[in-house]
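In what follows, chains carry the letters A, B, and so on, assigned in the order in which the sequence lines appear, proteins first and then strands, with residues in each chain numbered from 1.
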Protein chains: 2
Amino acid sequence: MNLACSTCPVNETAACAVLTTDERDAMAAAGRTRVLKRGEMLFAAGDEDAACATLLTGALKVSAVDADGNEQILALVHPAGFIGELFAPFAHHDVVALTESRLCTFARRDIERAIEDYPALARALLRRSQADLLATRTLLELTGHASAEARLAALLHDFAAAASDSSCHLAQRFDLPLTRGEIANMLGLTIETVSRKLGELEDTGAIQREGKRGIIIRNAELLQDISGR
Amino acid sequence: MNLACSTCPVNETAACAVLTTDERDAMAAAGRTRVLKRGEMLFAAGDEDAACATLLTGALKVSAVDADGNEQILALVHPAGFIGELFAPFAHHDVVALTESRLCTFARRDIERAIEDYPALARALLRRSQADLLATRTLLELTGHASAEARLAALLHDFAAAASDSSCHLAQRFDLPLTRGEIANMLGLTIETVSRKLGELEDTGAIQREGKRGIIIRNAELLQDISGR
DNA sequence: CGAGGAATTGAGATCCCTCAAGAACAGTGG
DNA sequence: CCACTGTTCTTGAGGGATCTCAATTCCTCG
């Protein structure tokens with residue numbers, strides 16, 4: 001299927017936004033859209049020639065599985081995010097859909113050629129890569145020293161910020177994109193601890209739970225305070 | 001001081017290696033070498049217009065300081081590594097020399113112009129950025145789930161690999177580039193735990209300590225085994 | 001030789017994990 | 001609409017790994 005960049009929901013914000021219309025059309029001819037259902041995998045660790053992709057809608061997780069079969073979530077990908085290890089001979093991590101997701105995928109060699117042909121694209125991907133690096137380091141900072149409660153508070157804060165339209169304030173209410181188990185894997189905790197600490201955050205009045213996935217921010221300042229930032 | 005790229009110890013491996021001689025000379029005219037002693041800072045979190053640099057010799061750490069004043073090491077930089085957040089308005093982390101280090105520094109605007117002028121440089125930096133991203137995620141994976149002993153074993157393994165000339169086998173003996181406190185900060189542990197676990201690794205016969213900094217690999221397989229990889 | 005920092009070692013406290021059971025929920029089929 | 005079933009989440013009790021606090025030893029450097 002061919003792509004219609006003009007109706008793409010992230011045509012202003014994704015890496016391809018820096019291309020001219022003609023250049024973008026040329027890339028579109030090489031790309032394909034793909035839809036993943038929750039739990040479906042885009043590629044697995046070890047895959048050779050793993051595709052690259054821009055996420056249009058939905059959410060993905062990047063995760064590693066250690067020797068004991070424990071999963072560790074290393075990053076979340078939001079719309080306009082770019083996925084793909086451009087210079088590695090094989091993928092180092094799994095990439096799985098958290099919700100139904102639409103992607104715009106490209107074969108590795110097509111992306112590699114595009115980077116050669118369109119310097120602006122290389123710069124855009126560099127920018128995105130540095131942003132990803134910063135996000136990963138922020139997560140590393142969090143899981144390094146902070147208490148379970150602080151980690152959870154920080155994650156909720158981030159989710160509330162991500163769920164808001166404007167980038168400067170928090171959403172008052174949102175649904176967790178992750179299960180308890182996934183939150184635990186991301187923060188280096190266990191399911192039980194996540195559940196308990198969510199209860200404690202509710203007791204202190206920072207948040208309120210609404211069903212299994214819903215979170216209402218009751219006291220954003222307190223939440224930020226607990227997160228230690 | 002002007003630069004002599006022809007005698008640069010990393011002129012084959014650093015990002016600038018992709019440039020032609022002429023291009024490199026043009027960049028050299030804009031750059032400056034700088035020497036940092038152990039503990040000296042290249043730039044601090046919050047600095048605007050922080051310089052960018054390629055590390056020639058020595059070693060650096062990238063670290064964050066949280067609200068309580070605790071340091072967390074997010075990454076180590078080895079020779080040929082590139083330092084600098086190109087698209088951020090200010091630096092997010094501190095960068096400090098671990099040993100006496102020589103750098104080749106550039107003003108932000110000079111690097112930005114070079115990226116525009118030399119597409120190959122942008123691609124080289126993209127490659128480096130993705131490698132940094134992978135390294136950070138590997139560290140995240142480690143600090144997420146592993147026990148103190150496994151973290152330490154993995155770090156020692158990495159250091160042994162980095163200290164070796166050939167990339168495929170380990171150095172038999174090396175000096176730790178970090179103090180106990182820095183190791184602790186990097187792995188999300190305390191000084192005491194690092195010290196204790198080092199003792200235990202010695203008891204099991206995996207390593208042998210030699211003075212305060214020296215480490216001898218006694219049983220690389222066992223070490224790898226303990227690290228869980 | 002002395003002083004300061006860095007590392008080791010010990011004892012007790014704490015936070016989080018493990019194991020285990022029960023409750024809430026979603027999907028399925030009757 | 002309701003039982004049925006599996007999954008996810010919650011809650012509890014106990015144990016273990018790591019942190020905290022404190023004292024001592026080991027280097028390094030003046």
Side-chain angles (χ1 to χ4, degrees), chain A residues 37-39 66 68-73 98-100 142-156 175-204 207-215 226-228, chain B residues 37-39 66 68-73 98-100 142-156 175-204 207-215 226-228:
Chain A
K37 293 209 194 72
R38 168 166 177 81
D66 69 16
D68 311 340
N70 296 113
E71 181 189 32
Q72 160 91 354
I73 297 182
L98 289 169
T99 65
E100 178 155 322
L142 195 66
T143 56
H145 281 295
S147 70
E149 199 162 25
R151 295 182 205 189
L152 202 48
L155 191 71
L156 291 177
D175 281 327
L176 288 170
L178 304 174
T179 66
R180 298 290 186 273
E182 286 166 338
I183 293 172
N185 284 334
M186 188 156 178
L187 299 179
L189 302 170
T190 59
I191 292 183
E192 296 94 322
T193 301
V194 171
S195 187
R196 271 187 262 272
K197 295 300 173 188
L198 271 180
E200 288 175 26
L201 286 175
E202 191 167 25
D203 292 344
T204 64
I207 63 164
Q208 183 177 337
R209 282 181 289 187
E210 195 178 54
K212 221 151 234 190
R213 290 296 186 84
I215 295 287
I226 293 172
S227 80
Chain B
K37 292 209 196 71
R38 168 165 177 83
D66 69 15
D68 311 339
N70 297 112
E71 181 189 32
Q72 159 91 355
I73 297 183
L98 289 169
T99 64
E100 176 154 323
L142 195 66
T143 55
H145 281 296
S147 70
E149 198 162 26
R151 296 181 206 189
L152 202 48
L155 191 71
L156 291 176
D175 281 327
L176 287 171
L178 304 175
T179 66
R180 299 290 186 271
E182 286 166 337
I183 293 173
N185 284 333
M186 188 155 177
L187 298 178
L189 302 170
T190 59
I191 293 183
E192 296 93 326
T193 301
V194 170
S195 185
R196 272 186 260 271
K197 296 298 173 187
L198 271 181
E200 290 175 24
L201 286 175
E202 191 166 25
D203 291 344
T204 64
I207 64 164
Q208 184 177 337
R209 282 180 288 187
E210 196 178 53
K212 220 152 236 188
R213 289 297 186 84
I215 296 286
I226 294 171
S227 78

To the nearest Å, give me how far apart [atom1] ([X]) and [atom2] ([N]) are.
{"X": "A:Leu178", "N": "D:dC9", "atom1": "CG", "atom2": "C1'", "answer": "15 Å"}
{"X": "A:Arg213", "N": "D:dC9", "atom1": "CZ", "atom2": "C1'", "answer": "11 Å"}
{"X": "B:Glu210", "N": "C:dA7", "atom1": "CD", "atom2": "C1'", "answer": "17 Å"}
{"X": "A:Leu152", "N": "C:dC15", "atom1": "CG", "atom2": "C1'", "answer": "15 Å"}
{"X": "B:Asp175", "N": "C:dA7", "atom1": "CG", "atom2": "P", "answer": "13 Å"}
{"X": "A:Arg180", "N": "D:dT10", "atom1": "CZ", "atom2": "P", "answer": "4 Å"}
{"X": "B:Asn185", "N": "C:dA7", "atom1": "CG", "atom2": "P", "answer": "12 Å"}
{"X": "B:Leu198", "N": "C:dT8", "atom1": "CG", "atom2": "P", "answer": "6 Å"}

OP1, OP2 of C:dT8 versus side-chain N and O of B:Arg209: anything below 4.0 Å?
yes
Tell me whether [X] contacts the main-chain N or O of [Y] through its side chain, where contact means a donor paired with an acceptor under 3.5 Å.
{"X": "A:Arg151", "Y": "A:Ala184", "value": "no"}
{"X": "B:Glu202", "Y": "B:Arg209", "value": "yes"}
{"X": "B:His145", "Y": "A:Leu189", "value": "no"}

Do A:Asn185 and A:Glu71 get their side chains close enough for a donor-acceptor pair, meaning under 3.5 Å?
yes
Who are the side-chain contact (heavy atoms from CB on, under 4.5 Å) partners of A:Asp203, not counting sequence neighbours?
none
Would you mind classifying the nucleic acid contact of A:Ser195 as base, sugar-phosphate or nothing, using non-hydrogen atoms under 4.0 angstrom?
base
Validation row: B:Asp175, B:Ile215 side chains within 4.5 angstrom (heavy atoms)
no
If the sugar-phosphate is the primed atoms plus P, OP1 and OP2 and the base is the rest, what is the B/S/- string for nucleotides 15-28 of chain D, using protein heavy atoms under 4.0 Å?
---SSBBB---BS-
